[in-house]
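Okay, so here's the structure we're looking at.
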Amino acid sequence: MHAPTLLTHSPPPAAVVAVAAWHCPAAPPATIVVSRRARIRPSAAASTVTAEAAQLLLRESGLRSESLPRHVGVVIDGHLRWARARGLSVSEGHAAGRPVLERMVRLSRAWCIPALTVFVCSHENMTRPKAEVDFLLQLYEEFIRDNLDEFCREGIQLHLIGDSPGRPSSLLSAASEAHEATRSNSAMVLMLAIGYSGRRDVLRACRELAAEALIAGRLGTSVAAGGGLSCPDLVIRTGGEQRLSNFLLWQSAFAELVFPDVMWPDFGEDDYLRALRTYQSRDRRFGQRK
Ligand SMILES: CC(C)=CCC/C(C)=C/CC/C(C)=C/COP(=O)(O)OP(=O)(O)O
């Protein structure tokens, strides 16, 4: 995997737009398109996404910074159907999903969305054929290791949630090392739910605490992020199904749900933007009268 680098926006020269992008040192890309209208060129200097840069990108994307979701959850569904439709293997389907997630992380960071929780694999998914499970877990172990430098540079704090037995120790160590290395980062939280079950999360929290009022503070997303992570405002599920499938049950109680009709490997910037615009068009009432 290529090492990450940061790119600087130009023009306008006054606005420093820094976005993360993969960069092969041997053959640096001439231009990276993060925003269709923003021309991004590589810079040797490492920098982070500035508030000014984010404002510019958001304006160009027609998003309002003051009402962006503070936490996005995403169920990355549809790899298998995507692969079948192309005569590809299951592994090829999963592999095609990884760069899509990397792009979503970068876009979220560039747009200053403070938290992204990704349902990579459920507790139930762990009973799928061993070769498939092994491949997927290895893929996301590499995702963590390969992206660690970028997470550090971009101020992204990484967490792993889930408690399925059978997750390999190499994945757990990669996640724990990445967590240690990024724990003081504060620009964005990236939470990977691997071997995660919403019900097991609630049960564990209940076991740990008898008092219901304290449950929210004991759930995986909250515990892993030191209690500071809000519930997701927006949950996106690709792949055509319209359900949560045991993802963040408690935390999604008032989340806006969006179901783009695409398989995860086809999920692009436009789909993410559409989901965010849909979110911004929703009337959130939290059970209150208008
Ligand atoms: C080999 C392996 C571990 C595969 C993981 C599959 C995968 C990439 C899932 C990502 C999205 C996800 C957790 C969907 C859960 O729905 P669901 O489709 O499991 O639930 P449903 O049956 O309710 O739709």
Side-chain angles (χ1 to χ4, degrees), residues 71-86 88-105 108 115-144 146-147 158-172 174-175 190-204 219-221 224 231-232 234-252 255 257-268 271-272 275:
H71 183 174
V72 173
V74 58
V75 182
I76 57 171
D77 197 11
H79 301 77
L80 202 54
R81 279 161 290 162
W82 182 90
R84 278 197 193 123
R86 287 160 183 76
L88 299 172
S89 67
V90 177
S91 305
E92 286 171 310
H94 287 307
R98 177 187 146 164
V100 177
L101 180 59
E102 282 161 348
R103 186 161 170 78
M104 189 176 191
V105 171
S108 305
L116 179 66
T117 296
V118 187
F119 203 7
V120 172
C121 150
S122 71
H123 175 63
E124 293 77 13
N125 293 151
M126 298 286 291
T127 60
R128 289 200 189 183
K130 185 172 170 354
E132 189 189 347
V133 174
D134 288 350
F135 181 85
L136 186 92
L137 299 183
Q138 170 77 30
L139 188 71
Y140 282 90
E141 180 182 327
E142 285 166 12
F143 167 90
I144 294 170
D146 293 343
N147 285 288
L158 185 107
H159 294 274
L160 178 72
I161 54 170
D163 66 354
S164 279
R167 294 178 306 169
S169 57
S170 55
L171 167 69
L172 300 180
L190 172 62
M191 190 160 296
L192 299 180
I194 302 183
Y196 174 83
S197 150
R199 288 191 181 168
R200 285 167 71 94
D201 200 5
V202 172
L203 279 173
R204 185 190 43 73
L219 293 174
T221 46
C231 289
L234 168 66
V235 171
I236 302 166
R237 178 172 181 155
T238 56
E241 308 299 353
Q242 304 202 353
R243 53 181 172 249
L244 283 176
S245 298
N246 217 354
F247 187 46
L248 305 181
L249 298 179
W250 179 289
Q251 299 93 322
S252 294
L257 307 178
V258 176
F259 302 104
D261 194 17
V262 292
M263 301 296 141
W264 175 253
D266 287 329
F267 184 82
D271 299 297
Y272 194 9

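Atoms within a ligand are numbered from 1 in the order they appear, just like the ligands themselves. From a predicted model like this one, the values you see are computed outputs, not experimental measurements.
Looking only at protein heavy atoms, the nearest one to atom 2 (C) of ligand 1 is L136 CD2, 3.8 Å. Counting only heavy atoms of the protein, atom 5 (C) of ligand 1 lies nearest to N125 OD1, 3.6 Å. Residue, atom and distance of the protein heavy atom nearest to atom 10 (C) of ligand 1 are V120 O, 3.3 Å. Atom 12 (C) of ligand 1 has V75 CG1, 3.8 Å as its closest protein atom, hydrogens excluded (heavy atom only). Scanning the protein heavy atoms around atom 24 (O) of ligand 1, the nearest turns out to be R243 NH2, 2.9 Å. Annotation: atom 18 (O) of ligand 1 to nearest protein heavy atom, R237 NH2, 3.6 Å. Residue, atom and distance of the protein heavy atom nearest to atom 21 (P) of ligand 1 are S245 OG, 3.4 Å. With respect to atom 4 (C) of ligand 1, the closest heavy atom belonging to the protein is R128 NH1, 3.7 Å.
A donor-acceptor pair shorter than 3.5 Å can be found between the side chains of W82 and D266.
Of all the heavy atoms of M126, none lies under 4.0 Å from any atom of ligand 1, so neither backbone nor side chain is involved. The residue K130 has no part lying near ligand 1, judged by heavy-atom distances below 4.0 Å. Neither the backbone nor the side chain of E124 comes within 4.0 Å of ligand 1, counting heavy atoms alone.
Residue-ligand proximity, V133 to ligand 1, at heavy-atom distances under 4.0 Å covers atoms 1 (C). In the vicinity of H94, heavy-atom distances shorter than 4.0 Å reach the ligand 1 atoms 8 (C). Those atoms of ligand 1 that come under 4.0 Å of a heavy atom in H79, given as number and element, are 8 (C).
Note: Y272 and F267 have tilted aromatic rings, judged against thresholds of 30 and 60 degrees for the angle between ring planes.
Considering backbone and side-chain atoms alike, D77 places every N or O at 3.5 Å or more from each N or O of ligand 1.
Side chain of R81 to backbone of G240: no donor-acceptor contact under 3.5 angstrom is found.
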